[in-house]
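Encoded as structure tokens, the structure appears first; notes follow it.
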Amino acid sequence: MKIKALLLGLLVSTQGFAANDYEFLSVPHSDVDQYLTIGSDETQTPESIQGLWWLNGNPLPDEVLSFANMKWTPIKTDGETSGWESEIPVYDQGIWTWHDSFAGRLLYSLAYKTKLNYHIVFNSDFTHGKITPIVKAVSFLPAVELPPSMLIDFELNYVDENEYSRDSVLLGRPHTYRFRRIVDGQGNRLPAYDEFVEKAEVPNALLPILR
């Protein structure tokens, strides 16, 4: 709750929730897999991170994501692939759902206005990942990376084939929650989907759609 309050305080000066290039679509949580792009062989998403992922336990008002729109580049060490890297635009269509609430709209507005991207680096077998936020708060200035530090540090650690531990430090406070796969790479709902719908904190999910 303290993290939510702090972020909301930082966002108070944001004027208007809707982004210039996007409009909001509000849908029941039971239907979000009909609107997000599902990671699959067709989207060239690595098998380990295909499907849709529920941010179970996330203290912030974003809740489901897809890795489908990411293009992965191999990292080479001594001629061998030692890892993979890509970037994901947090605010874009088909990637993320947010709570259809004051807090969700405000957080999305911040992601859009700062053109928030995540630079993600996984090891070769996708069992460990590091996430580096990249922001562009002022249009005429270059984007800025926020490298891992005592104040901010984001990791993904493999738990099993349908779950990662999202281990974070935000503003010096540690927090852990889970990425849980709710839809597989073939578009089939997994058992965790029903739990995701049952535990939804607000009635609807919010999705940005390009105008």
Side-chain angles (χ1 to χ4, degrees), residues 3-4 29 32-33 36-75 81-92 94-99 104 107 111 116-134 145-149 152-171 173-201 205:
I3 293 176
K4 286 184 180 180
H29 291 86
V32 297
D33 58 338
L36 292 174
T37 305
I38 296 172
S40 63
D41 291 339
E42 184 176 344
T43 62
Q44 300 183 355
T45 305
E47 184 176 358
S48 297
I49 54 173
Q50 287 183 1
L52 298 178
W53 297 83
W54 171 30
L55 282 58
N56 183 200
N58 183 9
L60 298 178
D62 52 324
E63 57 186 2
V64 177
L65 74 88
S66 168
F67 295 100
N69 294 329
M70 303 177 72
K71 304 303 179 186
W72 292 92
T73 301
I75 300 170
T81 298
S82 58
W84 299 87
E85 65 179 338
S86 187
E87 286 190 12
I88 184 171
V90 174
Y91 55 88
D92 204 3
I95 295 174
W96 233 279
T97 73
W98 314 76
H99 291 176
L107 184 59
L116 177 62
N117 276 252
Y118 283 159
H119 178 220
I120 304 180
V121 177
F122 274 103
N123 60 358
S124 59
D125 60 0
F126 285 85
T127 56
H128 174 72
K130 295 286 288 187
I131 303 170
T132 301
I134 302 172
E145 284 195 4
L146 305 178
S149 69
I152 184 169
D153 191 12
F154 299 151
E155 293 188 0
L156 284 170
N157 291 294
Y158 179 87
V159 176
D160 61 42
E161 64 178 356
N162 292 315
E163 189 168 321
Y164 282 88
S165 178
R166 175 69 153 81
D167 302 315
S168 306
V169 175
L170 183 59
L171 301 179
R173 296 179 59 86
H175 188 81
T176 295
Y177 59 95
R178 297 301 173 102
F179 277 21
R180 297 177 61 192
R181 193 176 348 225
I182 58 174
V183 175
D184 66 20
Q186 288 72 51
N188 302 308
R189 292 183 176 183
L190 300 177
Y193 197 103
D194 289 339
E195 185 180 349
F196 155 66
V197 174
E198 181 182 340
K199 291 186 175 180
E201 297 181 29

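Computed from a predicted model, the values in this text were never measured in an experiment.
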Which distance, rounded to the nearest 0.5 Å, do you find between the [atom1] of [X] and the [atom2] of [Y]?
X	Y	atom1	atom2	result
Phe179	Arg166	CZ	CZ	5.0 Å
Thr132	Glu87	OG1	CD	9.5 Å
Leu171	Ile152	CG	CD1	7.5 Å
Asp33	Ile182	CG	CD1	7.0 Å

* Asked: Take atom CD in Glu47; do more than 12 heavy atoms of anything else shown fall under 6.0 Å from it?
  ->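 No, CD of Glu47 has 12 or fewer neighbouring heavy atoms, counting only those of other groups under 6.0 Å.
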
* Asked: Which residues pass the side-chain hydrogen bond (donor to acceptor under 3.5 Å, both in side chains) test with Lys71, sequence neighbours left out?
  ->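 Testing Lys71 for side-chain hydrogen bond (donor to acceptor under 3.5 Å, both in side chains), a comparison that skips the adjacent residues, returns none.
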
Do [X] and [Y] come close enough that some side-chain heavy atom pair is under 4.5 Å?
X	Y	result
Thr37	Asn69	yes
Pro74	Trp84	yes
Pro133	Glu145	no

Please answer whether the main-chain N or O of [Y] pairs with a side-chain N or O of [X] as donor and acceptor at a distance below 3.5 Å.
X	Y	answer
Thr176	Asp167	no
Trp53	Gln50	yes
Ser40	Glu42	yes
Tyr193	Phe196	no
Ser66	Ala68	yes
Asn58	Asp62	yes

* For the side-chain contact (heavy atoms from CB on, under 4.5 Å) test, which of His99, His29, Glu63 pairs with Glu201? ->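 For Glu201, the side-chain contact (heavy atoms from CB on, under 4.5 Å) test succeeds with only one of His99, His29, Glu63, which is His99.
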
* To do: Can you sort out the partners of Arg178 under salt bridge (charged side-chain N to carboxylate O under 4.0 Å, His left out), two or more places apart, ordered by chain and number?
  =>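 Residues passing salt bridge (charged side-chain N to carboxylate O under 4.0 Å, His left out) with Arg178: Glu163.
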
Donor-acceptor list for residues 124-131 side chains, cut-off 3.5 Å, not counting sequence neighbours:
{"residue": "Asp125", "atom": "OD1", "partner": "Asn123", "partner atom": "ND2", "Å": "3.3"}
{"residue": "Asp125", "atom": "OD1", "partner": "Thr127", "partner atom": "N", "Å": "3.4"}
{"residue": "Asp125", "atom": "OD1", "partner": "Thr127", "partner atom": "OG1", "Å": "2.8"}
{"residue": "Thr127", "atom": "OG1", "partner": "Asn123", "partner atom": "ND2", "Å": "2.9"}
{"residue": "His128", "atom": "ND1", "partner": "Asn157", "partner atom": "OD1", "Å": "2.7"}
{"residue": "Lys130", "atom": "NZ", "partner": "Asp153", "partner atom": "OD1", "Å": "2.7"}
{"residue": "Lys130", "atom": "NZ", "partner": "Glu155", "partner atom": "OE2", "Å": "3.2"}

* Asked: Stepwise, does the salt bridge (charged side-chain N to carboxylate O under 4.0 Å, His left out) test hold for Glu195 with Arg180?
  -> CA-CA 11 Å; Glu195 185 180 349; Arg180 297 177 61 192; 3.0 Å; yes

* Asked: Closest heavy-atom contact between Tyr177 and Leu55?
  ->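 Heavy-atom minimum between the residues: CE1-CB, 3.8 Å.
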
